[in-house]
Amino acid sequence: MSAKITFLKQCLEEVLYRHLEQKLAQAIAAFLRKRYPAATLPKIVIEQPPKVELGDFAVPLFPFAKPLRSAPLKIAESIRTEIGNIEGIAEMNVASPGYLNVKIDRAWMAAALASDRKPAAERPSGKILVEHTSINPNKAAHIGHLRNAILGDTFVRLLRYAGREVDVQNYIDNTGVQVADVVVGFTYLEKKTRAEIEALTRRPRFDYYCWDLYARVSQWYEQDGQNQQARAETLHAIEDASSETAAIADLISSAVLRRHLETMGRLDIEYDFLPRESEILHLHFWDAAFAKLKDAGVLTYETEGKNTGCWVMRRAGTGKVENTEDTGDAQEISEEDQKVIVRSNGTVGYVGKDIAYHLWKFGLLGRDFGYRKFYRYPNNHECWISAVRGELHHPHFGGVSEIYNVIDARQSEAQSTVIEALRELGHKEAADHYTHFSYEMVALTPRCAAELGYTLSEEDKMRSYIEVSGRKGFGVKADDLIDQLVISAKREVDSRHPQLADDERQDIATQIAIGALRFFMLKFTKQSVIAFDFKDALSFEGETGPYAQYAVVRANSIFKKGEVDLDGFCGSLGQSISADELAKFFSRENGDEFWELWLAAGKTSYIVDQCISTTEPAHLAKHAFELAQLFNTFYHRHPILTEPDEKKKQFLLATVALVRRELIRILEVTGVTVPPVM
RNA sequence: GGGCGCGUAGCUCAAACGGAUAGAGCACGGGAUUUCUAAUCCCGGGGUUGCAGGUUCGAGUCCUGCCGCGCCUACCA
């Protein structure tokens, strides 16, 4: 409940730049409609000119030439001279070969920015569900999982910044072969009793233990095909929830899950609800979904071919043959386009379970989980888990209007199949509001793999990256990477601030490490495979999190050294300097440079919007870096505390305060906090 | 074979919806007044955006073909 109050507060953030852009587009559209009532107008696209001197918005008019039967330059000129006043717009210029460049009234916008005043934003309604992390609870998290969780968590923060209400879910596949394999490891290889395993789960990094054991089991299977029998038996035993094996599996998966929550907790990543596959099975979600799927004719029963006796669905993306609409749902699906949903032995595959789960997400299943408390974060935030018999009082999850699933690109086909199933069940709205937030994997550079002690084939050495494999125990564990980052940040902090207490230095090092890691995972666009290398990941210079953190630290230190009360100054930013004064500084020497910085600082909401509509958080990391970069240049060129002109000093301080405020906001959305000193 | 994605500077990556001179970081070379701490800043070289066509006022971006690479394509989850 307390979390919801923060959403409301945050959706009041400034939206000036975005607001102006919309107003401009509307004004131009209205003007052109009035002037050329007969013409059908193309969409007005607003861009940004390559240089600040040219203006703040650019409107290319080439697409209007044909429908308006006029040269782009002439259209631009007529808009410029005839459109009249638009609040916040100072001037327009025509630029060849056909742009209308628009300048914002700098003093007007700066005054609004300084006082953090903003027009009311429209408040979208409807709850959003973001699912991310979803690590099999049988081994330690690795760097690939970090990318998933950081992308997902950042997206959650973006949505909340934009005023949306969000539930965060982490789906736990606790009944699959992966968990069974570790159970096999404990029971067959190590011959441990339940009590002994229980004792092990209380050891510090139980997930590391499982990581190694899982790799050993995989090897054991390879040694002798007969050993696979142990897996089959174990899987079967787990199905009976009251069995000893099921109890062991639950013990292991719960302990590993707890470890995953701790690992992600180190990065300030939290979840609201952990739906588990075991409850999807035991609460018979599939039965309900199966009935609906059969009724709607989404599934077909195969009576011939290799899938005889199976219920199948058309594999997504294999497109139906055209011109056969009237044959209705009886259309044959060629064998290779069939996706088996229910096997001939009557058991359901994971896509089927996923369909049921997603019907629940949208509140379309007619069943619900039981809920029980599972994990309490240091800030008292409660994380719930699914249960067959839950607690009487619990929050409500599911039944949302929009979902985002952060799942790597390898699952694209399965995700599309689930979406198709929803659509064919007649839930078009749901299908349209189902977004597979797809991203590429994190792989290792050959050099990194060699550093980790793996021997590579000649073929592998030629590759630009090598896929990690949990099954082989090949990869970089998340906690190891975080530890290394903290150690190397600590070394730097120790040498820079020997006068500080050790725990203080440790805190600072941790913030820097997390900043570096989160930024590192965000600066790549989703589609790009990250070829992981310790050298790049451990870097604290250049385009990194610490670079952006450092800019804020510098801003803070100006206030500290200058003995200016930071809170007081920032709180009354709006009054400390008049609009007339602002106008002077933006028009005099360095005016463009100052304005560029103010403008960049004013774009936070604009960038957040872009990140949401493109489901691409990388833009935000990029923007944080660019703003920090502009600030650092400004910092070097304009000594502030020694500035003799008091008015100018106030202006420079206001600039610092504004950039600081926005940079902190942006970093908060990326999940990066700023240490007191660096 | 089919589906999805990728190919941009020596390396790692940007450039949403086609737009103005394709940008950063790293690496390399040179420099920064005793300062609001240099985890910083400035300058420099570096590019036929895989290849060939097409669409148009305009293509790294869209279309077609080719070349190279990756992932998916199980009655595993």
> Of the nucleotides B:C26, B:C36, B:G19, which one has an atom closest to the side chain of A:Lys535?
B:C26
> Say we look at B:C26 and B:C62: how far apart would their C1' atoms be, to the nearest angstrom?
33 Å
> When all nucleic acid strands are considered with a 4.0 Å heavy-atom cut-off, which category describes A:Gln178: base, sugar-phosphate, or nothing?
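Result for A:Gln178 = nothing.
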> Heavy atoms under 4.0 Å, any strand shown: does A:Phe540 hit a base, just sugar-phosphate, or nothing?
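Answer is base: heavy atoms of A:Phe540 come under 4.0 Å of a base.
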> Determine the contact category for A:Gln629: base if any of its heavy atoms lies under 4.0 Å from a base atom, sugar-phosphate if only primed atoms, P, OP1 or OP2 are that close, otherwise nothing.
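It contacts sugar-phosphate atoms only.
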> Counting only side-chain N and O atoms of A:Ser438, is one of them less than 4.0 Å from OP1 or OP2 of B:G5?
no
> If we take the P atom in both B:A39 and B:U33, what is their distance in whole Å?
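B:A39 and B:U33 have their P atoms separated by 15 Å.
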> To the nearest Å, give me how far apart CG (A:Asn93) and P (B:A20) are.
18 Å
> Base, sugar-phosphate, or nothing: which does A:Thr308 touch, judged by heavy atoms less than 4.0 Å apart?
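Base, at least one base atom sits under 4.0 Å.
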> From the list B:C41, B:C75, B:C71, which nucleotide is the closest neighbour of the side chain of A:Asn632?
B:C41
> Tell me what A:Val312 touches on the nucleic acid: a base, only sugar-phosphate, or nothing, going by heavy atoms under 4.0 Å.
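No contact at all - A:Val312 keeps every heavy atom at 4.0 Å or more from the nucleic acid.
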> Please state how far atom NE2 in A:His638 lies from atom C1' in B:C41, giving the value in whole angstrom units.
13 Å
> CD of A:Gln499: more than 12 outside heavy atoms within 6.0 angstrom?
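Buried by this count: over 12 neighbours within 6.0 Å.
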> Which is true for A:Asp181 with a 4.0 Å heavy-atom rule: it touches a base, it touches only sugar-phosphate, or it touches nothing?
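Counting heavy atoms under 4.0 Å across all strands, no contact is made by A:Asp181.
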